[in-house]
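Convention: sequence-line order gives letters A, B, ...; per-chain numbering from 1.
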2 protein chains.
Amino acid sequence: MSSTIATFIKEKRKQLKVTQPELAERAGVGLRFVRELEQGKQSVRLDKVNQVLALFGSELGVIQKTEA
Amino acid sequence: MSSTIATFIKEKRKQLKVTQPELAERAGVGLRFVRELEQGKQSVRLDKVNQVLALFGSELGVIQKTEA
DNA sequence: CATATTTATACCCTTATGGGTACAAATATA
DNA sequence: TATATTTGTACCCATAAGGGTATAAATATG
């Protein structure tokens, strides 16, 4: 299901059988950023997250919280 | 429609008839941040965007790009 | 139209993100 | 199980995000 951004990216990356260093290079971000991102760090920059997501044809957008 | 995060927040804020200073205070972020956010600044921090969106019962998540 | 309110831009300053890198821990593979 | 690969954590440093604030521009209201 990949509820969080972190797990989404991790899953997508593994689907493509790409390592973190490779993903970082392709996305044009630092390796450390990719790692912090997949670890669920909240205080990341929106534009850099989107740089990574762009590799999967995705992007960040507003979603409504699902009712309990 | 509010395709972008910026317009989404701006529209939601106006729906509630709240000024930017009020929104900033309620969200616990700086006034300048709210303004840059509504102006479409890309390099904002994810956690702070979510702080603002939380006021509308929303949050940031991964979305798939719509086909052309 | 004049005035009040709201929003946008610019300034300085502090803080921490992100980059690079090295090494440890964990995982995969032979 | 030994080895190779991948991932996670820690370090220093430069840069810029974000806070506060003042002022100008834009908008709303009388």
Can you check the [X] [atom1] to [N] [atom2] distance for me, whole Å?
X: A/R45; N: C/dA16; atom1: CZ; atom2: C1'; result: 12 Å
X: A/K48; N: C/dT17; atom1: NZ; atom2: P; result: 14 Å
X: B/E25; N: C/dT7; atom1: CD; atom2: P; result: 15 Å
X: A/F33; N: D/dA10; atom1: CZ; atom2: C1'; result: 19 Å
X: B/K41; N: C/dA10; atom1: NZ; atom2: C1'; result: 13 Å
X: B/L31; N: C/dA10; atom1: CG; atom2: P; result: 15 Å
X: B/Q42; N: D/dA16; atom1: CD; atom2: P; result: 16 Å
X: A/K17; N: C/dA28; atom1: NZ; atom2: P; result: 12 Å

Check every atom of [options] against the side chain of [X] and return the nucleotide holding the closest atom.
X: A/Q20; options: D/dG8, D/dA17, C/dT17; value: D/dG8
X: B/S43; options: D/dA17, D/dG19, D/dG8; value: D/dA17
X: A/Q39; options: C/dG19, C/dT17, D/dT9; value: D/dT9

Next on the checklist: If the cut-off is 4.0 Å, is B/R13 near the phosphate of C/dT7, judged by side-chain N/O to OP1 or OP2?
Outcome noted: yes
Next on the checklist: Side-chain N or O of A/K14 versus OP1/OP2 of D/dT6: is the shortest distance under 4.0 Å?
Outcome noted: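 So the side chain of A/K14 is outside the cut-off, no N or O lying under 4.0 Å from OP1 or OP2 of D/dT6.
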Checklist outcome for this item: Assert: residue with more 5' nearest nucleotide on DNA chain D, out of B/V44 and A/V18, is A/V18
Next on the checklist: I want to confirm an ordering. Mapping B/R35 and A/E38 to their closest nucleotides on DNA chain D, which one lands closer to the 5' end?
Outcome noted: A/E38
Next on the checklist: Please find the pair of heavy atoms, one from B/L53 and one from B/E59, that lie closest to each other, and give the distance.
Outcome noted: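 Between these two residues, the closest heavy atoms are CD1-C, 3.8 Å.
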Can you find a pair of side-chain heavy atoms, one from [X] and one from [Y], that are under 4.5 Å apart?
X: A/V52; Y: A/F33; result: yes
X: B/L23; Y: B/I9; result: yes
X: B/L55; Y: B/L16; result: no

Next on the checklist: Considering every strand and a 4.0 Å limit on heavy-atom distances, what is the contact class for A/K10: base, sugar-phosphate, or nothing?
Outcome noted: sugar-phosphate
Checklist entry - Once you round to the nearest 0.5 Å, how far does NZ of A/K41 lie from CD1 of A/I5? => result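 Result: 14.0 Å between the selected atoms.
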Checklist entry - Starting at the 5' end of DNA chain C, which residue's closest nucleotide do you reach first, B/E22 or A/V34? => result B/E22
